[in-house]
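First comes the structure, then the notes that go with it.
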Amino acid sequence: MLTPIFINGQKLYQDSFGNKYQYDLSNPIDQMSYSTDLDAQQRDQLSTTPTRNSNGGGIYE
């Protein structure tokens, strides 16, 4: 489960390990936005975080 948080006025999502994501992929609206956000997709592809949440998109490491 991801928890919404706000950092510097930006809405992010945090999992129980403290990882932060731009999108909650269990939300259909976030899924649509993520599908066109190539930067977020690239962050996920390059991520080496072993505790990544599968519902999180656009991880910030």
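No experiment lies behind these values; they were computed from the predicted model shown.
- The CG atom of Leu12 lies 5.0 Å from the CD1 atom of Ile7; values are rounded to the nearest 0.5 Å.
- Nearest heavy atoms, Ile29 versus Asn27: N-OD1, 2.8 Å.
- The salt bridge (Lys or Arg N to Asp or Glu O under 4.0 Å) analysis of residues 24-38, with sequence neighbours excluded, yields no pairs.
- By the 6.0 Å contact criterion, CD on Gln42 is open, its count of non-hydrogen atoms from other residues, nucleotides or ligands being 12 or less.
- With values rounded to the nearest 0.5 angstrom, Tyr23 atom OH is found 11.5 Å from Met32 atom CE.
- Closest heavy-atom contact between Pro4 and Lys11: CB-CE, 3.8 Å.
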Please list every donor-acceptor pair under 3.5 Å in which a side-chain atom of residues 53-61 meets a protein atom from a residue at least two apart or in another chain.
unit_1, atom_1, unit_2, atom_2, d
Asn53, OD1, Asn55, N, 2.7
Tyr60, OH, Gln22, OE1, 3.4
Glu61, OE2, Ser47, OG, 3.0
Glu61, OE2, Thr48, N, 3.4
Glu61, OE2, Thr49, N, 3.3
Glu61, OE2, Thr49, OG1, 2.2

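- Checking each of Gln14, Arg52, Arg43 against Tyr21 for a side-chain contact (heavy atoms from CB on, under 4.5 Å) leaves exactly one that passes, namely Arg52.
- Closest non-hydrogen pair, Pro28 versus Ser26, comes out as CD-O, 3.7 Å.
- When side chains are defined from C-beta on, Lys20 does not count as touching Tyr13, because their heavy atoms never get closer than 4.5 Å.
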